[in-house]
Amino acid sequence: MTKESVILIVPCYNEEEVLPLFYEEFKKTAELLKEFDLQVFFVDDGSQDRTLALIRQMAEKDKRVRYISFSRNFGKEAAIYAGLKNADGDYVALMDADLQDPPSLLPKMLKAVREEGYDSAATRRVTRKGEPPIRSFFARCFYRLMNKISSTEIMDGARDYRLMTRKFKSAILEMSEYNRFSKGIFGWVGFKTKWIEFENVERIAGETKWSFFKLLRYSLEGIIGFSTAPLAMASVMGFTVCVVAFIFLVIILIKTLCFGDPVDGWPSMTCIILMLGGIQLLCIGILGMYLSKTYLETKKRPIYICSESNLEEEGEEKE
Ligand code: UDP
Ligand code: MG
């Protein structure tokens, strides 16, 4: 009987420090999960360090290692997409290279999809130990806001670490949008997901690739991708300003008719003009953000460009 295959998809961007450690951990996990054919699929996201060289070395020695390398840095979302598109296993799991996603959870995740009837097993960290407090604060605010304004549920503290069946994977690949926000996509496709909780683990070596502003941009991506509330907010704001202006007009009219019209009040006038100008610019900005996403979407650019992989070799061997 052939074993069921489980492929770990690992996006890597400048991870030369952690890759050897990850590989050791992979080998240990493969030993533990002997009843499966455990493989690893590295997606080199245009690293500038020795990441690709290390991956090539591993792939030469170990048949279980496959990889694809991008022509430049396309971002983690593109790497996830490329991994899902190319990894053809009975089960696939997304995992970070820095061992922040404990491989020890894999047996539990496999049990959930194989025996308990779930289509995917996802993980979320219940603590944010080791993270700057300000970052945790903004992350919490983001999840709270997101769940208020979007109908797609996005779990607080959810990691991208997730095991899924073929069915779940193909549903995700159906969503071939250019502006990708995986946390939202995973929720949007539905299916039964088991949530497994764990304590935050700090990165084993190297540094995080996410600066505060990168995260801020990422959260905006999420809001624009999975909610149209900001557009509605622009309309509501416009309507409110109109009502307030009308009330003011009536008050001023009555005042002028009853008490005459002394020419003063230019500071208040300036404030009103500035405020209205601000609101208008804000609304145009919101419109612009949606428009720019639509613009990028209509260009239908590829999500990633492959410069090298060892997938064809595998294919040739099979023939
Ligand atoms: N990553 C990537 N492309 C990028 C940034 C990150 O493929 O442009 C990968 C990175 O190599 C790692 C994972 O995404 O395997 C998570 O990155 P990181 O650990 O820096 O993020 P954090 O855990 O701090 O959220
Ligand atoms: Mg990390």
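Values in this document were obtained by computation on a predicted structure and should not be read as measured data. Just so you know, ligand 1 is whichever comes first in the structure, and atom 1 is the first atom listed for that ligand.
- Within D98, the N/O/S atom positioned nearest the Mg ion (ligand 2) carries the name OD2.
- In this structure, a donor-acceptor pair under 3.5 Å is absent between the side chains of T51 and E15.
- Between K27 and D62, no side-chain nitrogen of the basic residue sits less than 4.0 Å from a carboxylate oxygen of the acidic one, so the salt-bridge criterion is not met.
- Surrounding CZ of R50 are at most 12 heavy atoms belonging to other residues, nucleotides or ligands under 6.0 Å away.
- Atom 1 (N) of ligand 1 has Y13 CB, 3.8 Å as its closest protein atom, hydrogens excluded (heavy atom only).
- When only modelled atom types and interatomic distance are considered, D37 and S5 share no side-chain donor-acceptor pair under 3.5 Å.
- The Mg ion (ligand 2) does not have T208 among its coordinating residues (no N/O/S atom, backbone or side chain, under 2.8 Å).
- Among protein heavy atoms, atom 15 (O) of ligand 1 sits closest to P11 O, 2.7 Å.
- Residue contacts with ligand 1 for K209 involve both N, CA, C or O and side-chain atoms from C-beta outward (heavy atoms, distance under 4.0 Å).
- Taking the centre and axis of the six-membered ring of F74, the NZ or CZ atom of R72 falls inside the cone set by 45° and 6.0 Å.
- For ligand 1, the atoms sitting less than 4.0 Å from at least one non-hydrogen atom of E15 are 10 (C), 11 (O), 12 (C), 15 (O), numbered in the order shown with element in parentheses.
- Close approach to D45 involves these atoms of ligand 1, each under 4.0 Å from a residue heavy atom: 2 (C), 3 (N), 4 (C), 7 (O), 8 (O).
- Side-chain contact, T123 with R159: no donor N or O sits under 3.5 Å from an acceptor N or O.
- Here N14 has no heavy atoms under 4.0 Å from ligand 1, in either its backbone or its side chain.
- Cation-pi geometry between K192 and Y118 is met: the NZ or CZ atom falls under 6.0 Å from the ring centre, inside 45° of the normal.
- For ligand 1 and G75, the ligand atoms under 4.0 Å from any heavy atom of the residue are 3 (N), 8 (O).
- When each atom of ligand 1 is checked for a heavy atom of Q100 under 4.0 Å away, the hits are 19 (O), 22 (P), 23 (O).
- Between F42 and F22, the angle of the ring planes goes over 60°, which puts this pair in the perpendicular group of the 30/60° scheme.
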Next on the checklist: side-chain contact (heavy atoms from CB on, under 4.5 Å) for M109 and Y161? Distances and angles first, verdict last.
Outcome noted: CA-CA 10 Å; M109 294 161 89; Y161 184 26; 3.8 Å; yes

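- Ranking protein heavy atoms by distance to atom 14 (O) of ligand 1, first place goes to K76 CD, 3.2 Å.
- Below 30°, between 30° and 60°, or above 60°: for F212 and F138 the angle between ring planes is above 60°, a perpendicular geometry.
- For atom 25 (O) of ligand 1, the closest non-hydrogen atom of the protein is W210 CD1, 3.7 Å.
- Ranked by closest heavy atom to atom 16 (C) of ligand 1, the top entry among L94, T208, D96 is D96.
- E221 pairs with exactly one of R180, K76, K293 by the salt bridge (Lys or Arg N to Asp or Glu O under 4.0 Å) rule, that one being K293.
- By the criterion of a heavy-atom distance under 4.0 Å, the backbone of C12, and not its side chain, is placed next to ligand 1.
- Close approach to A97 involves these atoms of ligand 1, each under 4.0 Å from a residue heavy atom: 15 (O).
- Closest protein heavy atom to atom 18 (P) of ligand 1: R203 NH2, 3.4 Å.
- Residue D98 has at least one heavy-atom neighbour below 4.0 Å for each of these atoms of ligand 1: 19 (O), 23 (O).
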